[in-house]
Amino acid sequence: MMLSTDIWVAALIRRVELGGGFAVVARKGDARAGAVLVKVLDRRNGVARLYAEATRGDGEQVWMQPKGSIDEPDLDRYIERAARIDPDLWVVEIEDRDGRHFLTEPVEQG
């Protein structure tokens with residue numbers, strides 16, 4: 001059974017807080033089935049990364065970086081376009097001094 005998006009987001013934010021980071025819901029989408037983008041900010045190194053849910057060819061749910069840029073304004077433009085396409089989209093912003101994403105699901109590198 002899959003969790004509703006609002007519960008999954010709350011759990012992610014709690015993991016971030018327990019790990020010493022800061023997280024906020026920057027955009028709230030559909031509580032039951034909205035897609036989620038996770039933006040991770042490492043201000044110390046001036047790096048931002050964006051993660052999106054994806055399904056691999058074998059059906060496994062993973063996270064991947066839909067935009068290769070580490071420039072926050074580039075990622076914000078991507079998020080704006082995605083939100084216009086999907087009004088149910090959630091965006092969670094994480095600030096962590098080590099740039100951790102706190103995702104427990106598999107994350108595709110690339």
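Remark: Lys39 NZ to Leu75 CG distance equals 7.0 Å, nearest 0.5 Å. For the atom pair Thr5 OG1 and Leu12 CG, the distance stands at 12.0 Å (nearest 0.5 Å).
Cluster note: Leu18 groups with no other residue, as no ILVMFWY side-chain heavy atom lies under 4.5 Å from it.
Contact annotation: the side chain of Glu72 approaches that of Leu41 to within less than 4.5 Å [non-hydrogen atoms, C-beta and beyond]. A 4.5 Å side-chain heavy-atom check between Arg43 and Glu95 finds at least one atom pair inside the cut-off. Inter-residue side-chain proximity for Val24 and Val92 is flagged as unmet; no heavy-atom pair is nearer than 4.5 Å.
Each ring-ring contact (aromatic ring centres under 6.0 Å, His included) pair with one or both residues in residues 53-92, not counting sequence neighbours, appears once here: Trp8-Trp63. The ring-ring contact (aromatic ring centres under 6.0 Å, His included) contacts involving residues 25-56 comprise Tyr51-His101, where partners must be two or more places apart or lie in separate chains. The ring-ring contact (aromatic ring centres under 6.0 Å, His included) pairs that include a residue from residues 12-43 number zero, where partners must be two or more places apart or lie in different chains.
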Give the table of side-chain donor-acceptor pairs shorter than 3.5 Å for residues 25-36, with sequence neighbours excluded, one pair per line with atom names and distance.
from  : atom 1 : to    : atom 2 : distance (Å)
Arg27 : NH1    : Pro87 : O      : 3.3
Arg27 : NH1    : Leu89 : O      : 2.7
Asp30 : OD2    : Arg32 : N      : 3.1
Asp30 : OD2    : Ala33 : N      : 2.8

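The minimum heavy-atom distance linking Gly99 with Val40 is given by the pair O-CG1, 3.6 Å.
When the shell of 6.0 Å around CZ of Arg97 is examined, it contains 12 or fewer heavy atoms from other residues, nucleotides or ligands.
With respect to Asp98 and Arg44, a salt bridge is recorded, a charged nitrogen being found less than 4.0 Å from a carboxylate O.
Listed by chain and residue number, Ser69, Arg77 satisfy the side chain to side chain donor-acceptor pair (under 3.5 Å) test with Asp74 (two or more places apart in sequence, or in another chain).
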